[in-house]
Trainee: 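Pasting in a structure now, in structure tokens, and then I'll have a few things to ask.
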2 protein chains.
Amino acid sequence: MPQEKIREDRGPMTLTDLPLRHETPPARRTRKRTRIQAENEARILDAALAVFSATGYRGATLAEVAERAGMTKPNLLYYFRRKEDIYLAVLTRTLEHWLAPLRDLNADGEPVEEIRAYIRRKLQLARDFPKESQLFANEVLHGAPNLMPVLRGPLKDQVDEKAAVIRGWIADGRLTPVDPHHLIFMIWATTQHYADFAPQVGAVLGSNDWLDEAAATLDAIFVGGLTPR
Amino acid sequence: MPQEKIREDRGPMTLTDLPLRHETPPARRTRKRTRIQAENEARILDAALAVFSATGYRGATLAEVAERAGMTKPNLLYYFRRKEDIYLAVLTRTLEHWLAPLRDLNADGEPVEEIRAYIRRKLQLARDFPKESQLFANEVLHGAPNLMPVLRGPLKDQVDEKAAVIRGWIADGRLTPVDPHHLIFMIWATTQHYADFAPQVGAVLGSNDWLDEAAATLDAIFVGGLTPR
DNA sequence: GAAAAATTGGACCGATTGGTCAAAATAAAC
DNA sequence: GTTTATTTTGACCAATCGGTCCAATTTTTC
């Protein structure tokens, strides 16, 4: 059986109201958030990101998450009732972080320069937060069982909006005519590749210091490919 | 615990002698390969590709592989002694298929046209054999525990060889100067993206018929980016 | 500092899963 | 057609894992 579908639909959604809200921890039934609660939940989410991104949902064990978070398994389950809840929580947190850079693509900027800056931002994210990228990649690779509503909803909306911007630039003759959606896919693919396929990149290059060379190459190809002749 | 490292080193290797040889099935101890053996092993490998690519090594269960292969679990284990053996067998078979297209990059061809043809081949592979791509992506995403020697050995050699060809083209002024390794990464990333992130591509496009548009976009960017001005 | 609430962890449980075994059934060899 | 080798399967086992329970401990409240 594939990775379980964890979330059932709960209606439409927006970017600020991502549809992955997990069960509130039992301790929060009453009163306000405790200091210990905040600390432990943060430690758990960090541990969970490491474990889930490295092994996927099915491969991850609560015992390992608990150990990395420095607590026992029942203690972990005191903060998150189920494994799914932990996964959804860390996926949600990652998602916010992940959708941000595209938003900054500015319709009023110089087209080629805007895209170049976007690529640079994504490349830095890949270097600085590879685990987030891997978590996301793993989820989508296995059919996005928990993310499909987000992909079809907020993500598609976001992409469509920016695609319209790019289409406008093309119409103005400021960019080579290409399909904006596929251009965005290209940027996602080429930048996230360095996080998701890190072992391969490292093995082929014989080094893990790829950022500058990668940026230079992406720059050359995209700028050359997008600048009207 | 992450996906187990299944294979321990067995020294240097070549492309034709990939280092993922699994245990020979028990039935092959004696005499030659049976008709039933060949049939069942093929059915098992097909089933295993589907299951492993969809759920990863840890997520896959022998029961599901057996069911898809149309046999009982003990029967499956009669042909492959352990889960690892099945995984390694299907990974090996995939690998051969996967390393092929790069080999066809012809040093004597017209540079931009050769790269364009390579991209087209990879894109068709992504459409026609997404499961192979996903299997490979999953393995690398989780640290390539079973593939690292291949990545560092035969794969790196293959890439280095073709990188030299590209470097030659650049030296002759027939291509925009870019780092050949990163150019190859770009091609891998942009083409395999359509297989590995298929749910996302489908969700954003609202369609699964991406080949022609993708090819046109990749063509425009890569040709524009690689053609000297 | 006593009472109440929140936090921690040892022991335990049922379900799943990879894998075994031995005996039955089928196919191949002669 | 009998013997021999191969193939199939039901029953079963040990380990792992998600999750529960409850008593002990610590922190907060007043």
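Scope of the values below: all heavy atoms of this structure, side chains included, with no hydrogens, waters or symmetry mates. Naming convention: chains lettered A, B, ... in sequence-line order (proteins, then strands); numbering from 1 in each chain.
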Trainee: Can you tabulate the close N/O pairs, meaning under 3.5 Å, that link protein atoms to atoms of nucleotides 8-12 of chain D?
Mentor:
unit_1 : atom_1 : unit_2 : atom_2 : d
D/dT8  : OP1    : B/N40  : ND2    : 3.4
D/dT8  : OP2    : B/N40  : ND2    : 3.0
D/dT8  : OP2    : B/N75  : OD1    : 3.3
D/dT8  : OP2    : B/N75  : ND2    : 3.1
D/dT8  : OP2    : B/Y79  : OH     : 2.8
D/dT8  : O5'    : B/N75  : OD1    : 3.1

Trainee: Could you tell me the separation between the CZ atom of A/R58 and the P atom of D/dT16, rounded to a whole number of Å?
Mentor: 18 Å
Trainee: Decide side-chain contact (heavy atoms from CB on, under 4.5 Å) for A/D160 and A/H181; before the verdict, give the C-alpha distance in whole Å, the side-chain angles of both, and the deciding distance to 0.1 Å.
Mentor: CA-CA 8 Å; A/D160 285 346; A/H181 285 105; 2.8 Å; yes
Trainee: Taking the side chain of A/L77 as heavy atoms from C-beta outward, which of D/dT20, D/dT7, C/dG19 is closest to it?
Mentor: D/dT20
Trainee: Is a donor on one side and an acceptor on the other found under 3.5 Å between the side chain of A/T191 and the backbone of A/W188?
Mentor: yes
Trainee: To the nearest Å, how far apart are A/R43 CZ and C/dT8 C1'?
Mentor: 12 Å
Trainee: Which whole-number value in Å describes the distance from B/E84 CD to C/dT17 P?
Mentor: 18 Å
Trainee: Can you confirm whether more than 12 heavy atoms, excluding those of B/K156, are under 6.0 Å from its NZ atom?
Mentor: yes
Trainee: Do the ring centers of B/F136 and B/H97 come within less than 6.0 Å of each other?
Mentor: no
Trainee: Using 4.0 Å as the upper bound for N to carboxylate O, is an ion pair formed by A/R93 and A/D46?
Mentor: yes
Trainee: Measure CG/A/D85 against C1'/D/dT20 and give the value in whole Å, please.
Mentor: 15 Å
Trainee: Please report, rounded to the nearest Å, how far the C1' atom of D/dG18 is from the OH atom of A/Y87.
Mentor: 17 Å
Trainee: Specify the separation, in whole Å, of atom CD of A/E64 and atom C1' of D/dG18.
Mentor: 15 Å
Trainee: In whole angstrom, give the distance that lies between atom OH of B/Y57 and atom P of D/dT16.
Mentor: 14 Å
Trainee: Using the side-chain hydrogen bond (donor to acceptor under 3.5 Å, both in side chains) rule, collect all pairs that involve residues 197-209 of chain B, keeping only residues at least two apart or in two chains.
Mentor: none
Trainee: Would you say a side-chain N or O of A/Q37 is under 4.0 Å from OP1 or OP2 of C/dA6?
Mentor: no
Trainee: Report the distance from atom CZ of A/R82 to atom P of C/dA15, rounded to the nearest whole Å.
Mentor: 18 Å
